[in-house]
Amino acid sequence: MAKRRRSQSLDSGSWSNEGIVASPSDSEFDDASFELKSKHFPSKKKNKATARKKPKHDVSAHGDEDERGYAAVPLHAKSTHAISFPQAVRSALLSWYQTVRDIRGMPWRQPYDPNLGPEERAQRAYEVWISEIMLQQTQVTTVIPYYNRWMQRFPTIRDLAGATIDEVNSLWKGLGYYSRASRLLAGAQKAVKDHDGRLPDNAKDMEANIPGIGRYSAGAICSIAYGEKVPVLDGNVHRLLSRFLALHAPPKAKPTLDILWAAAQTMVEIEARHPGDINQALIELGSTVCKVRQPNCQECPLRTRCAAYQQSKGVDEQSLDTLMDIEDACHLCESVPAPVEVTSFPMKANRKKKWHSKCSAKDRYFLMTRRPENGLLAGLYDFPTSVDVSTTITHHEQESLSSKILSNLVSGFSPAPTFHNSHESGDVKVGGTSITKIQPVGDVLHIFSHIRKTYKVLWVVLEGGSKPPGILESFSIQEPARKKAMNGKGTIDIKPQTDQDVVIWVPLDKVMETNIGTGVVKVWNLTKKLWEKSKAG
């Protein structure tokens, strides 16, 4: 296996591992702005100051632009980041939503019916739950056919609870992020076992008792299906409310999230009659109108009350002379890139540095294992290998085997259903890293003095995480079936030796200097052609 570490650059630092395994393989509810690089500048705190009236279209209403190209944040009260007239905002939002609710043809989206009984509401909760989990990291147009097939196969939560993981994964095939499917199965089984075959009818209990359901999902399901007045805050609503309130603060910081959750709560509390419709309207508006890069402000029903839109037009909301005490002033917001635009909000997140595959050759590492001191190729190093595999092994089976091999060697790794297309990623994680590529390399035939051996080679690439994955303190290395296995499972349990490590990361330029056999050299020479060809192209 190869892992690589790249030198840190101005915008990011990252590393990845790639591996060779020889076996003798724009989200609907994600805020893309969270993935952009950012600069953080300190906020300017003042004890007391006077907010002076500015001409309506004077750029100075945004604060003077400094030498860095950033506009100073005008002094403003904390109340700026609260929804002042929720009734009017709700009315405009719901009127717009009624005109667009059915446009995208989402089968799970239905008007709230207060006349439904407990069983019918529980069924609605199941339907919304399935759609919400499918929509994570996946576009609506992709989800619709999967949702329809799912509901045909598992029309109720009891039908799902009675399924096997293989049946669930088979129906999920192609959606990616397979851990979502396994969590759905676990959640259904928990609901049937402990909750009489129903999802809890309130967000607090649902989040606490059903696996895989967090605060957002619980809020969406309970507000839509049960009419509970609970908020939602996904990536779309985060972006929408950040602009509506002109909140320019670190987007993942707790004070920022507290403000946004409070604003979302304001939208559904007290006089709100249809909290599910309000939440769906917020999500729909953020997804289709208040987009990350090209918001369609002219179509937005909240435009006249949107603080970011007003600021982009040079309007200073604090149009009256007010004496502001330090306790009332907002010290959370930071400087905004000039000129101020709607897309200046929310503040771009400071991306966590991670490993990545696009790095120089000297920073790439490969995972290798040392064979036992007796037997075939004693003491030599090899790439992680599974022995005595079937000659008819499928690509999917090889992918699954790669996951299993890694789980025996690398810390923080647990086997999980793998993806079926090399462009899908994120399912199988190793200490913060994930498999981003499993590419068949080909077969390598090698004849020992008395053994004919065929390697089926896979190139496995790991990316992500803030540091390289560590090696397990104890691990298992497979040996041929003809050797007696100490644990009875065809593997020998190994503990690292003090004089020479059994599992190591080897730099790209040191692989050929490692003590490896001729067969492994053939595997190496065949595999390295892949990135050499890619580099040449």
Side-chain angles (χ1 to χ4, degrees), residues 1-2 18-25 163-176 178 181-182 366-369 371 375-377 382-410 413-425 427-428 435-462 475-485 487-492 516-530 533:
M1 293 238 170
E18 300 171 48
I20 302 171
V21 176
S23 52
S25 157
T164 66
I165 187 61
D166 290 336
E167 291 174 315
V168 170
N169 284 338
S170 175
L171 205 57
W172 196 272
K173 182 179 179 180
L175 265 182
Y178 285 79
S182 62
F366 288 76
L367 188 63
M368 304 194 77
T369 62
R371 300 181 64 83
L376 188 66
L377 304 176
D382 196 352
F383 297 110
T385 302
S386 179
V387 301
D388 297 335
V389 299
S390 171
T391 57
T392 60
I393 187 172
T394 65
H395 180 48
H396 173 53
E397 290 170 338
Q398 291 181 66
E399 290 179 337
S400 299
L401 189 56
S402 300
S403 170
K404 183 177 180 180
I405 293 172
L406 285 172
S407 70
N408 289 332
L409 302 174
V410 183
F413 184 89
S414 58
T418 57
F419 46 86
H420 300 281
N421 299 306
S422 61
H423 66 274
E424 296 178 357
S425 63
D427 273 342
V428 186
I435 295 177
T436 60
K437 177 187 292 186
I438 300 180
Q439 180 176 342
V441 178
D443 292 353
V444 172
L445 175 63
H446 182 64
I447 301 176
F448 299 88
S449 58
H450 59 291
I451 297 177
R452 181 185 179 93
K453 192 180 186 77
T454 300
Y455 293 92
K456 292 183 177 296
V457 186
L458 296 177
W459 180 24
V460 181
V461 180
L462 308 181
F475 42 81
S476 297
I477 296 177
Q478 285 199 316
E479 280 295 291
R482 60 186 176 83
K483 287 188 173 286
K484 184 177 180 180
N487 60 13
K489 299 179 181 179
T491 62
I492 296 178
I516 59 178
T518 307
V520 178
V521 171
K522 291 181 180 179
V523 169
W524 172 252
N525 288 336
L526 178 64
T527 307
K528 71 177 183 178
K529 291 179 182 178
L530 293 177
K533 180 179 179 181

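- Atom CZ of Phe383 and atom OG1 of Thr369 lie 9.5 Å apart (nearest 0.5 Å).
- Taken to the nearest 0.5 Å, the CD atom of Gln398 stands 10.0 Å off from the OG atom of Ser386.
- Within the 4.5 Å cutoff, no side-chain heavy atoms of Val168 are placed close to those of Ser182.
- Taken to the nearest 0.5 Å, the OG1 atom of Thr454 stands 6.5 Å off from the CG atom of Asp443.
- We find the CG-OG1 distance between Asn169 and Thr164 to be 8.5 Å, quoted to the nearest 0.5 Å.
- Panel note: side chain Thr392, backbone Ser390; no donor-acceptor pair is recorded below 3.5 Å.
- Every residue two or more places apart in sequence or in another chain that forms a side chain to side chain contact (heavy atoms under 4.5 Å, CB included) with Leu526 is listed here: Val441, Val444.
- In this structure, a donor-acceptor pair under 3.5 Å is absent between the side chains of Lys453 and His446.
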Candidate pair Asp382 and Arg371, rule side-chain contact (heavy atoms from CB on, under 4.5 Å), full reasoning: CA-CA 7 Å; Asp382 196 352; Arg371 300 181 64 83; 4.1 Å; yes
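- Put simply, OG1 on Thr385 and CE on Met368 are 9.0 Å apart, with the number rounded to the nearest 0.5 Å.
- A heavy-atom distance below 4.5 Å is not found between the side chains of Lys522 and Tyr455.
- Counted by atom type alone, Glu167 and Ser170 present zero donor-acceptor pairs between their side chains at under 3.5 Å.
- Between Val521 and Trp524, every side-chain heavy-atom pair lies at or beyond the 4.5 Å cut-off.
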